[in-house]
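Read the structure below first, then the notes.
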Amino acid sequence: MTLIDRIERTTGVPGLAGLLADLAPADLRSLLLDVTRQQAAKLTPAQVLAQYKRDRFTGVATVDPGVHADYDLFAFRTLRERGYTPVELSPVSPLGTVSVLTGMDQNRVIATARGTEVTADSTNALALESAVRRSGREPVRLCASHRLVRAQPFPEGWSSHFRLLALTVAGRDEGSFRFETDSLRAQLGAMVALTEHLADVQVLVTVLDESRRDAVAERVIGPLGDEFPQVKVGFDDERQQGRGYYADACFEVKAGDVSLADGGFTTWTQQLLGNAKERLLTGGLGVDLMHARFGPRRADLYP
């Protein structure tokens with residue numbers, strides 16, 4: 001017997017979950033708000049504190065917030081110089097932002113009683129903002145530093161909330177894979193600039209459509225290697241993660257054996273705008289992980 005079966009049996013209402021799901025969104029929100037109000041009214045301060053101590057979603061982060069603040073200032077300055085516009089995202093996104101765009105399970109996010117969900121992936125939220133800003137052929141480059149919350153189980157020692165520096169480039173198909181290679185080169189160049197203080201940085205590109213390999217080699221791999229001779233730039237033909245999630249090409253940025261950044265092309269703006277010509281490149285740098293493993297970026301060494 002599943003948990004839902006047990007609840008429906010206890011309440012004596014077969015198909016309860018389906019009945020609630022079929023309610024008008026405004027009616028369901030009103031019902032859930034009243035339920036949570038009644039539940040909160042039964043709690044004591046001691047119970048609230050007890051949940052704060054045990055709940056994996058509510059504890060504080062382990063990285064000094066001053067380290068994040070200093071790095072954000074550097075990152076936004078660097079990204080502005082490369083044509084990105086920083087935005088401050090809302091803590092919540094529309095219900096279905098993750099599952100509708102990506103096909104991931106809705107249970108991976110924390111839904112609210114008001115028809116929203118706690119932002120679990122800032123690249124999804126930036127896709128929405130990119131769709132709002134897209135007009136004509138001018139690309140839209142956005143970035144955001146945001147603390148995310150994800151609901152799926154994590155290995156021991158991992159946190160359910162973490163800070164991600166996300167970058168997106170939205171635009172229109174220009175033919176000959178030109179938009180894709182131009183935006184990929186720009187995005188990877190930005191990622192290298194953001195990790196310039198680290199040793200043994202590697203940029204690995206996986207081409208998911210083999211017909212695009214020569215274009216990526218000529219317009220992305222070669223120029224990046226020339227621009228950043230201290231960085232290992234090459235193909236990763238063995239990568240399996242992200243196939244079916246990304247389209248055309250994806251990438252990973254590592255420092256030593258630590259994977260710090262990941263990204264690739266998606267169909268999200270195509271879906272949002274109903275236009276097969278739309279293109280979107282996403283990427284995210286795990287800032288918590290970077291600071292935890294390698295320490296803060298020292299402005300006195302890297303102004």
Side-chain angles (χ1 to χ4, degrees), residues 71 74-86 122-123 126-127 130 139-145 164-171 173-174 176-210 212-239 241-243 245-266 268-269 279-287 289-290 294 297 302:
Y71 187 79
F74 154 73
F76 290 146
R77 182 180 71 245
T78 299
L79 292 170
R80 283 185 189 277
E81 292 172 352
R82 292 175 174 268
Y84 289 83
T85 300
S122 40
T123 61
L126 289 179
S130 296
V140 174
R141 295 184 181 182
L142 300 178
C143 60
S145 180
L164 188 79
L165 180 62
L167 290 69
T168 57
V169 184
D173 176 29
E174 298 175 1
S176 302
F177 211 52
R178 178 58 63 181
F179 172 83
E180 289 84 349
T181 50
D182 287 351
S183 58
L184 184 58
R185 178 181 172 182
Q187 188 109 307
L188 291 175
M191 287 290 186
V192 172
L194 292 170
T195 55
E196 65 177 1
H197 59 293
L198 304 177
D200 192 21
V201 174
Q202 306 156 56
V203 175
L204 304 172
V205 178
T206 301
V207 179
L208 303 175
D209 180 348
E210 280 300 312
R212 310 296 193 182
R213 186 181 181 90
D214 289 346
V216 172
E218 177 184 348
R219 304 175 197 164
V220 180
I221 301 296
L224 278 175
D226 293 339
E227 183 179 359
F228 303 103
Q230 77 281 15
V231 174
K232 176 186 175 182
V233 183
F235 288 108
D236 178 3
D237 296 326
E238 304 303 317
R239 170 174 172 155
Q241 182 182 7
R243 294 180 183 270
Y245 184 89
Y246 294 121
D248 295 322
C250 56
F251 66 84
E252 181 182 25
V253 178
K254 303 174 70 174
D257 61 353
V258 181
S259 179
L260 292 178
D262 188 86
F265 293 96
T266 74
W268 301 341
T269 48
R279 299 290 183 266
L280 181 71
L281 175 62
T282 68
L285 174 64
V287 182
L289 176 61
M290 180 175 67
F294 303 107
R297 177 187 179 277
Y302 305 94

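What you see below is based on every heavy atom in this structure, not just the backbone, and it leaves out hydrogens, waters and symmetry mates.
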Report task. Could you please spell out the steps behind the side chain to side chain contact (heavy atoms under 4.5 Å, CB included) verdict for L208 and R243? Result -> CA-CA 7 Å; L208 303 175; R243 294 180 183 270; 3.6 Å; yes

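- For E227, the CD atom counts as densely surrounded, since its 6.0 Å shell holds more than 12 non-hydrogen atoms of other residues, nucleotides or ligands.
- Contact check for L188 versus V205: side-chain heavy atoms found under the 4.5 Å cut-off.
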Report task. Any chance you could lay out the side chain to side chain contact (heavy atoms under 4.5 Å, CB included) test for F235 and I221, step after step, and finish with the verdict? Result -> CA-CA 8 Å; F235 288 108; I221 301 296; 3.8 Å; yes

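- With 3.5 Å as the limit, one finds a donor-acceptor pair spanning the side chains of Q187 and Y84.
- Residues F228 and V201 are not in side-chain contact: their nearest non-hydrogen atoms beyond the backbone lie 4.5 Å or more apart.
- When atom types are taken as modelled, the side chain of R219 and the backbone of L184 share no donor-acceptor pair closer than 3.5 angstrom.
- Residue R185 comes nearest to P223 through the heavy atom pair CZ-CB, 3.3 Å, listed as atom of the first residue, atom of the second, then distance.
- A salt bridge does not link D236 with R239: none of the charged nitrogens is closer than 4.0 Å to a carboxylate oxygen.
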Requested in this report: Starting from the C-alpha separation in whole Å, work towards a yes-or-no answer on side chain to side chain contact (heavy atoms under 4.5 Å, CB included) for L198 and M290.
Outcome: CA-CA 9 Å; L198 304 177; M290 180 175 67; 3.9 Å; yes

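- Other residues, nucleotides and ligands contribute over 12 non-hydrogen atoms within 6.0 Å of the CD atom of E210.
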Report task. Please report the C-alpha distance between L79 and L194 in whole Å, then the side-chain angles of each, then the deciding distance to 0.1 Å, and finally whether the side chain to side chain contact (heavy atoms under 4.5 Å, CB included) criterion is met. Result -> CA-CA 8 Å; L79 292 170; L194 292 170; 4.2 Å; yes

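- Scanning all heavy atoms of the two residues, the minimum distance from G264 to F251 falls at N-CE2, 3.9 Å.
- Note: H197 and F74 have perpendicular aromatic rings, judged against thresholds of 30 and 60 degrees for the angle between ring planes.
- Contact between L167 and L126 at its shortest, heavy atoms only, is N-CD1, 4.5 Å.
- Checking side-chain atoms of T266 against main-chain N and O of Y246 turns up no donor-acceptor pair under 3.5 Å.
- Using modelled atom types, no side-chain atom of Q202 and backbone atom of V253 make a donor-acceptor pair closer than 3.5 Å.
- Atom CZ in R212 sits 5.0 Å away from atom CZ in F177 (nearest 0.5 Å).
- For the pair V258 and L289, the minimum side-chain heavy-atom distance is below 4.5 Å.
- Surrounding CG of D214 are at most 12 heavy atoms belonging to other residues, nucleotides or ligands under 6.0 Å away.
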